Each structure stands twice: as C-alpha cells, then as structure tokens.
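Being a predicted model, the structure only gives us computed values, none of them experimental. In what follows, chains are A, B, ... by sequence order, proteins preceding strands, each numbered from 1.
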Amino acid sequence: MTLRIYNTLSRKKEDFQTIKPGKVGIYLCGPTVYKHSHIGHMVGPVIIDTIARYLTYNNYEVKFVNNITDIDDKLINKAAELNISVEKLAAEMTQDYFDNLNTMGVDTITDFPKATDYIEAMQEIIQSLIDKDYAYPLDGDVYFSAAADSKYGCLSGRKIEEMIAGTRVEANDKKKNPADFALWKKSRPGEPAWDSPWGPGRPGWHIECSAMSRKLLGDSFDIHGGGLDLMFPHHENERAQSECCTGKTYVRYWVHNGLMQASDAPGKVGGQHDRHGDVAVDQQAQEADKLSGSKGAASVKELFAVHPPEIVRLFLLSTHYRSPIAFSDDNIRETGKGIEGFYRFFETFERITGESFYQLPTAEKREQSTGLEGDPAEYFQQLSELRQRFLEAMDDDFNTGGAIGILFELRSTLNALIHSQNLEGAGKQNQAMIDALKTGASQLKELSNLLGVFRKAPAKDSGADDGLVNQLMELVLEIRKDARASKNWDIADKIRDGLAACQITVEDRPEGSLWRRG
RNA sequence: GGCGCCGUAGCCAAGUGGUCUAAGGCGGCGGAUUGCAAAUCCGUUAUUCCCCGGUUCGAAUCCGGGCGGCGCCUCCA
C-alpha cells in the first residue's frame, strides 16, 4: 500500500511522491524564542518527528529543518521588559526548547537554523521580489504586494477582496493594499537592526521561513508543517513570496496539525454534559483559553514535573494529528493508565527471558523486518496481521491513533502467549516459546519505536532518596515474607495496605514479592 | 460579516460507501488465577454512529436542512 498524506493545499489525501527519489525535505515552523515552551509548541515537533521516523523506516532519506525565530517584536519587547539583551533571552529560550524536544524524544530534526543567521538570504529574496514588482519599498519598510500574486489565497482559501471587505483587516494608509504585508521593517532607535538597501531594519515575520527553507531545502521541497493557526497569514504569505521569487512550486504537501486546547472544565471539553455547571464552570471555561498567545499556559518543564514525557508524547499521538486535542491533566492521566500495562509487560518479559525489552534488536527498515512465521501458528498469524494493520494505519495519513490501538492489541497477544504457555511457570523451559515471545516483543518494539515511544526505560520516578527507600523496602518485604510464610495474613496485609497508602504497590509472585511506586 | 473544522458507548478515541450486528484504551460488570490482593488472561459493556430528510441495491461514512461545539480572518505551534 502506498503512503497517503493529507495536503492542505488540495484539502485531500494524496499519494506521497517525493520531488527527488528517495529523499524527503521537511520544514517545520519553529518557535519564536521569547518565552518557555508550552505543550502546544511540542505538538508539531512530535508529529513531524513521528512522520520523519516513519519515512526513514520506509527507506527515505529525511532532511528535517526546524527554524528558531530569534528576532521579532515579541522578543524585543520581552527582552526590554526583563532588561536583558535580545540575544541572551533568545539563547536561553532556545536552550529550553531544545531541552524539551530532547525530553519528548524528538530527535529526527537535522537542522535548526536561526533567523538571524539568514538575514542576507532574506534580503536576496526581498530584492528579487522588488525587482520583479512583487514588492515595494516605502519609508524604510518593504511590503509584499498581495494582489500581484495571482495565486494569493490558494492555501488558506481566501480571496483578497473578501479579506479587505472583512471588518478586521486594519487599514494601514501606508500600505498600498490592506492585504499587503511587511517583508522588511524599519527599525526604531535602540532596536536590533541590520543594514539593508532600504535602510536599517529587521525582517518581517514570514520572510525568514522562505529564506531558510530555500537555503537548506531548495526552492521546492516536499513537506511543510506547522499548526493550523499558521495557515493564514503566515504560510499563505510565505508561499506567495517564495513562489513569486523563484517561479517554482514552493511546497508539495502542506501538513497542518490541529491545535491543542487547554481545558479542565467539564462543560467545555466534553460538550454539554454539565449538569451542575454554574459559576465554577464558567470560571474554568474562561481560564480554559487557547494555549498560545499571551495567556500563560504551564511550561513544558512544569508539565513534565507532573506527567512522564513518554505519556505526554503518546497522549499527543493518541488523536489524529489534524484534530484538535483537549489538553487536561485527567486526559493525560488516562493515557498513562493505559501505558502502565506496557511497562508491566516489559518487566514480565525481562523476568521470563532475562533480557531487557529495551535492548531487543529490531529492524530499522520496513523491508528488513523479521519474518513472522512459526509455532504457534495462530500467534504468528496474529503478529503478522497486527503488523500489517499498524502499517496500514500509518500509511493512511499517519493515523497514529489507530496505530496505538494496534499496539495495545499486540501487547494483549503477547500476554496471552505468556499465559497460555505458562511462560512464567513451567513453560519457562520451553525455548521455542520463549523465542516466539521474543520475536513478538521485538515486533512490538519495532512498531512502537516508529511512534517514538518505548525506546528506552523511562527515568525512574524518584521523589526521595532511592538508595534508602530500596534498603527499607528490602527490609519491610523480608518481614512480610516471614509473616506470609507463617500465614500471618493480618500482618502481611497490614504491611501491604500501609505501603499502598505510601503509593507503593506490592505484587506477590511465586518467585517473590515485587514492589513499585504508583 | 467571510472562510473552515468537528459531533461515534459513562469518558478518550479509530473507522469516512458493503468484511461495521463499529478497533483500541480508561472505567464498569462476570469468570480464571491469588491466602486475600496486585499483575495477567478469558468473557461482557454502542443493533448503532447529534437530529430530520434525500441519493444509493446498500451510509456512521455522500448530499441538503436543523441543532450543538470549536477554530481562523490580529500575535500564536
């Protein structure tokens, strides 16, 4: 089956075909680094990272560019407010962004260009647009003439006349046409400025992406990603200026992800199920604002203090990328509960095989994937069907939600083998079945790695001195073991209940008792 | 005012013309297992996809209308 991908430009799913055989160029609009990242900033990177993984798996060579906007009005204002330099603020927030990507397991990005390193490239495009009469300088600014681009509006489905007719386009008497937008902005005293043929100034909002993508990916490239909110005006303008400059198609597939919506208000997220909704809910609904803009949402780092990153990642991928996703602690927690079962399986797997799930060898490419035949035949057939369904889901516009569902089914299949073959008991000696289990687990790893999860053991949730806790637990469980040996259930249960109150779960197994936090 | 998206079980969510008497998860219920639990396994939990019409041999899926929710048109991932 061929890979299909939804293209905002055509509003349809299209067969995926690259410009250069075997190679994919991807550009994702990155953050303006004036504040800490919030969870919404992670949506695009996680999704495109997943797409990049899948394309690599399908034998494409992927170049994935994600820009850093380190010059912008917001940056200038924020730096002034904090009384630090723009450079310092940008450097700090860039580092924060990198840290967050790293924690989220986003590691397919190959290039992180900074806007300020590409001023010259931007000026080249601006000059070229002026030369071709697509742009005009005015009092130290340079504007792109929207009406000069016959295709203007094709991406966002707007018409210039309608936009002007709309009440919300502010009339700017400087611009020739209200729909025109700035390519170059004259700088005011004290602001960062670069020399240009039009006087000292700084780039407009959209031009940086045109310049950086052109330098790193060429005049035309395959995939351009970003949040739905960027479709207009950002991507529309980017497209217009690039295509008018080069005369070529700028981007083949425009991929826009749905926006995350912040809300814990019951009446807001789930529809109108709110029965006791009065004042309190109204209040919450007001707070439940978009994550973006000036309304401060919790930073990613604050979020990670509450939820493990891997769970957050899977949460982001549990809904189709084009749909909006309701962000709430409860929703993430629910994802977390589902994932627990995978961690239990990994532990079981290690107990049985003596090997770490995370160290299992897996195929890196789709075509080198291991054969799925053997005994028990039914088990292997299930593996192979699940694998196929997983890949079909991913082939269909990266249906990660469907793919995750299949991961759960795969887990059940593996647990069922363990159960039916009694691999934790007498079956432990059955090497053929152990191998069958390993094959299945390896497939689980191969597929889950495509989503960027279960690649390595999650960081231990250590709220206290682990060394001491471990020692104490050893002692406590030793005492409980004695109690159980003498069938003193009262003591044994008292210990277990007491531990439960400390968020510690005890599992009694034939080979001994296990414990874990949570 | 203009453009666009969405409405699937208690909740989250996949499926967008027939294999759908609708995947998967959370939660619930019953059973196996267990000293009891935990974990795991097995079974069960929507005859129906917001409502009303229409197209079709056939619709959750297409079309029209209605109701409800949301986004964009201004900075936003």
Minimum-distance nucleotide to A:Val43 side chain [options: B:G2, B:A77, B:G25]: B:A77

Contacts of A:Phe221 that satisfy ring-ring contact (aromatic ring centres under 6.0 Å, His included) - sequence neighbours left out: A:His224, A:Tyr250

Shortest side-chain distance from A:Gln261, nucleotide among B:G25, B:C70, B:C36: B:C70

Separation between the P atoms of B:C52 and B:C57, rounded to whole Å: 23 Å

A:Ser187: side chain to side chain donor-acceptor pair (under 3.5 Å) partners, not counting sequence neighbours: none

Candidate pair A:Lys13 and A:Asp396, rule salt bridge (Lys or Arg N to Asp or Glu O under 4.0 Å), full reasoning: CA-CA 8 Å; A:Lys13 286 182 198 171; A:Asp396 185 12; 2.9 Å; yes

Interatomic distance at P, B:C67 relative to B:C29, whole Å: 41 Å

For RNA chain B, the residues among residues 92-103 of chain A that have a non-hydrogen atom under 4.0 Å from it: none

Side chain to side chain contact (heavy atoms under 4.5 Å, CB included) between A:Phe16 and A:Ile223, intermediate numbers included: CA-CA 10 Å; A:Phe16 183 68; A:Ile223 295 176; 3.8 Å; yes

Donor-acceptor pair under 3.5 Å, A:Arg11 side chain vs B:G4 base: no

Whole-angstrom distance between B:G10 and B:C62, as gauged at atom C1': 31 Å

Positions of residues 502-509 of chain A (non-hydrogen atom under 4.0 Å from RNA chain B), listed by number: A:Thr505, A:Val506, A:Glu507, A:Asp508, A:Arg509

All pairs passing salt bridge (charged side-chain N to carboxylate O under 4.0 Å, His left out) where residues 96-106 of chain A contributes a residue, at least two apart: A:Asp96-A:Lys301, A:Asp99-A:Lys301

Reading 5' to 3' through nucleotides 26-31 of chain B, protein heavy-atom contacts under 4.0 Å coded B for base, S for sugar-phosphate only, - for none: SS----

Rounded distance (nearest 0.5 Å) linking atom CG of A:Leu477 with atom CH2 of A:Trp515: 8.5 Å

Sequence neighbours excluded, every pair satisfying side chain to side chain donor-acceptor pair (under 3.5 Å) that has a member inside residues 408-420 of chain A: A:Arg389-A:Glu409

Selected nucleotide, minimal atom distance to A:Arg344 side chain, candidates B:G35, B:C41, B:A39: B:A39

Spacing of the P atoms in B:U8 and B:C49 (rounded, Å): 11 Å

Pairwise P distance, B:C26 and B:A13 [rounded to whole Å]: 15 Å

Members of residues 306-320 of chain A that approach RNA chain B, where some heavy atom sits under 4.0 Å away: A:Ser318, A:Thr319, A:His320

Salt bridge (charged side-chain N to carboxylate O under 4.0 Å, His left out) contacts in which one or both residues fall within residues 308-321 of chain A, not counting sequence neighbours: A:Asp49-A:Arg313

Test ring-ring contact (aromatic ring centres under 6.0 Å, His included) applied to A:Tyr6 - qualifying residues, sequence neighbours left out: none

Donor-acceptor pair (no angle test) under 3.5 Å: A:Asp493 side chain, B:G35 base: yes

Sidechain N-carboxylate O distance under 4.0 Å for A:Glu236, A:Arg158: no

A:Phe327 and A:Phe315 aromatic ring geometry - parallel, tilted or perpendicular at 30°/60° bounds: perpendicular

C1' atoms of B:A60 and B:G18, separation to the nearest Å: 13 Å

Side-chain-base donor-acceptor pair under 3.5 Å for A:Arg496 and B:A37: yes

Candidates B:C75, B:C73, B:A77 - which lies nearest the side chain of A:Lys74: B:C75

Nucleic acid contacts of residues 415-424 of chain A, taken as heavy-atom distances under 4.0 Å to RNA chain B: A:Asn415, A:Ala416, A:His419

Closest heavy-atom pair and its distance - A:Arg11, A:Leu155: NH2-O, 2.5 Å

Separation of the P atoms in B:A77 and B:G24, to the nearest angstrom: 38 Å

Under the ring-ring contact (aromatic ring centres under 6.0 Å, His included) test, residues paired with A:Phe346 that sit two or more places apart: A:Phe357, A:Tyr358, A:Phe454

B:U55 and B:G2, which share atom name C1', separated by this distance in whole Å: 30 Å

